[in-house]
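Written out below as structure tokens is the structure these notes cover.
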Amino acid sequence: MGNLRSKDLSKIGYHNDQLRSLVIGITSKNFKHHSRQQLLDLLVEIKDNPEAFLDDELTGKIAEKIIGRAGAPSFKAFELRNEPVFCKTYGSKGIEPAAKRQMELATLLPVSVQAALMPDAHMGFGLPIGGVLATDHAVIPYAVGMDIGCRMALSIIGENESFLKRYEYQIREALKAHTHFGMEGGLDTRQEHEVLDSPVFNEIAMLKPLRSKAVRQLGTSGSGNHFAEFGEMELFTDNTIGLPAGKYTALLTHSGSRGLGSAIARHYTQIAMNTCKLPRHSQQLAWLDLNSEAGQEYWLAMTLAGDYAKACHERIHANLIKALNQEALRVVENHHNFAWKDRLTDGRDVVIHRKGATPAHKGELGIIPGSMTTPAYLVSGKGTGNALYSASHGSGRAMSRQKAKESMTVSAMKKLLANAGVTLIGGSVEENPLAYKDIETVIAAQSDLVDIQGKFYPRIVRMNKE
DNA sequence: ATGTCC
């Protein structure tokens with residue numbers, strides 16, 4: 001039987017994603033005896049002459065949908081610029097050519113105003129990870145990233161670093177009991193947060209069915225490079241967070257907006273790619289006009305996903321810190337996959353997309369993690385205009401997940417961890433420390449972008465297994 | 001990153 005995919009439908013002119021869902025739904029249930037080619041031929045016929053199918057019980061629904069949309073043009077095509085907009089690259093030596101090429105393509109979009117590439121950059125979908133892009137009244141879902149609102153949160157706890165050794169067992173048990181990583185199952189205890197009461201869940205049709213999953217996943221962490229870890233915090237003198245220089249215990253988490261943000265990203269990426277047609281190689285950089293209905297919906301949904309990601313970190317920190325009978329003295333947190341309305345140094349109003357980049361306006365605090373065996377940096381932005389007020393979001397991958405798997409064994413990774421004095425709960429060789437660039441090199445490449453206020457050394461790390 | 005396509 002014909003097993004139609006969204007891609008096949010795009011090729012025969014079914015560009016609307018609601019229409020494609022409808023077609024896949026109807027054909028998979030009712031046309032089991034058709035071959036794939038027969039189905040495609042039938043769908044082409046329906047598309048070319050929908051009126052002839054209106055009376056049919058099954059295909060009529062597809063025909064109605066096509067006719068309903070026939071009035072308005074469904075997409076707009078654009079050309080690229082002849083000359084790129086300004087793009088400053090930091091730490092160019094450590095960045096793979098493919099990531100630079102992706103960034104160069106982004107500087108040719110007609111909506112682009114300015115760009116910057118951070119020293120941890122590597123290839124991604126559309127915009128590279130580590131890419132920063134300012135646009136004019138347009139938002140590019142793929143320049144925000146698939147994990148909208150992916151972010152860092154650091155709680156500095158009121159105990160000196162010896163707490164880590166004395167309470168190692170309790171910390172390990174708390175991490176096992178009060179975090180949940182990855183896709184299956186969830187937390188044992190019900191989580192609450194005002195973000196679940198957001199009216200936006202009811203204002204946008206595609207969000208309504210996502211709320212129940214958001215309720216279930218609140219306070220959980222993702223997979224891949226997401227983590228929750230306790231470690232030793234070293235605060236430098238002249239820090240701006242108002243704590244004496246010295247050593248502390250701290251909790252650092254990295255996670256995003258889970259299934260909610262993923263569904264939002266998928267939905268609006270499809271709309272952008274269907275309505276904004278670009279020369280083939282740049283199609284993934286399709287944007288939504290901020291004045292369009294879809295653009296305004298995306299902005300609201302993206303903001304909700306960002307708030308939800310923040311809420312997840314809040315729940316994780318509250319649960320862990322309470323389990324250890326501690327209190328947070330200070331919290332530092334930042335998104336690193338998001339878009340903001342902002343102003344360039346020349347006064348132009350733009351949308352700044354940061355896809356794996358830390359906001360670094362003058363005095364703005366942020367966290368740049370290394371790997372599970374190397375320190376994270378507490379930084380304060382310098383507000384550098386050429387960097388679009390940004391910094392790197394980590395050390396950056398040096399190896400793909402596949403390459404990391406091939407080049408590291410479980411036992412070799414255990415030795416790395418033991419030598420670094422780090423306990424890992426869960427985790428996988430895909431995230432092994434050697435799969436990442438050297439954090440010291442990456443930090444050194446952005447001395448114009450941030451001041452360093454402290455360092456965090458991971459000691460007990462919890463990640464998703466596999 | 002993500003019930004890895006509704």
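Naming: A, B, ... by sequence-line order, numbering from 1 per chain. All of these numbers come straight from a predicted model, not from anything done at the bench.
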Worksheet, complete the sentence: Out of B/dC6, B/dC5, B/dG3, minimum distance to the side chain of A/Ile24 belongs to B/dC5
Worksheet item: Is a donor-acceptor pair below 3.5 Å formed from side chain A/Arg258 to base B/dG3, judging by atom type as modelled?
Response: no
Practice prompt. For B/dT2, take OP1 and OP2 only and decide whether either is under 4.0 Å from a side-chain N or O of A/Ser223.
Written response: yes
Worksheet entry | N or O in side chain of A/Arg216 less than 4.0 angstrom from B/dG3 OP1/OP2 | no
Item to complete: State which residues pass salt bridge (Lys or Arg N to Asp or Glu O under 4.0 Å) with A/Arg211; sequence neighbours excluded, sorted by chain then number.
Response: none
Discussion item. Going by side chain to side chain donor-acceptor pair (under 3.5 Å), name the pairs with one or both residues in residues 115-139 of chain A, residues two or more places apart or in two chains.
Written reply: A/Asp120-A/His393
Worksheet item: Mapping A/Ser257 and A/Arg266 to their closest nucleotides on DNA chain B, which lands nearer the 5' end?
Response: A/Ser257
Nearest whole angstrom, please: distance from the [atom2] of [N] to the [atom1] of [X].
{"X": "A/Asp8", "N": "B/dC6", "atom1": "CG", "atom2": "C1'", "value": "15 Å"}
{"X": "A/Ile264", "N": "B/dC5", "atom1": "CD1", "atom2": "P", "value": "18 Å"}
{"X": "A/Tyr142", "N": "B/dT2", "atom1": "OH", "atom2": "P", "value": "15 Å"}
{"X": "A/His267", "N": "B/dC5", "atom1": "NE2", "atom2": "P", "value": "17 Å"}
{"X": "A/Asn337", "N": "B/dT2", "atom1": "CG", "atom2": "C1'", "value": "13 Å"}
{"X": "A/Leu260", "N": "B/dG3", "atom1": "CG", "atom2": "C1'", "value": "14 Å"}
{"X": "A/Gln270", "N": "B/dT4", "atom1": "CD", "atom2": "C1'", "value": "14 Å"}
{"X": "A/Met183", "N": "B/dT4", "atom1": "CE", "atom2": "P", "value": "7 Å"}

Fill in: Short N-O contact, A/Lys100 and A/Glu104, less than 4.0 angstrom
no
Practice prompt. Answer with yes or no after comparing the ring centroid distance for A/Trp287 and A/Phe78 against a 6.0 Å cut-off, counting only values under it.
Written response: yes
Worksheet entry | Lys NZ or Arg CZ of A/Lys88 over A/Tyr90 ring: under 6.0 Å, within 45° | yes
Item to complete: Looking at every strand, decide which applies to A/Arg20 at a 4.0 Å heavy-atom threshold: base, sugar-phosphate, or nothing.
Response: nothing
Worksheet item: Hey, does A/Gly259 reach any base, or is it just sugar-phosphate, or nothing, if we go heavy atoms under 4.0 Å?
Response: sugar-phosphate
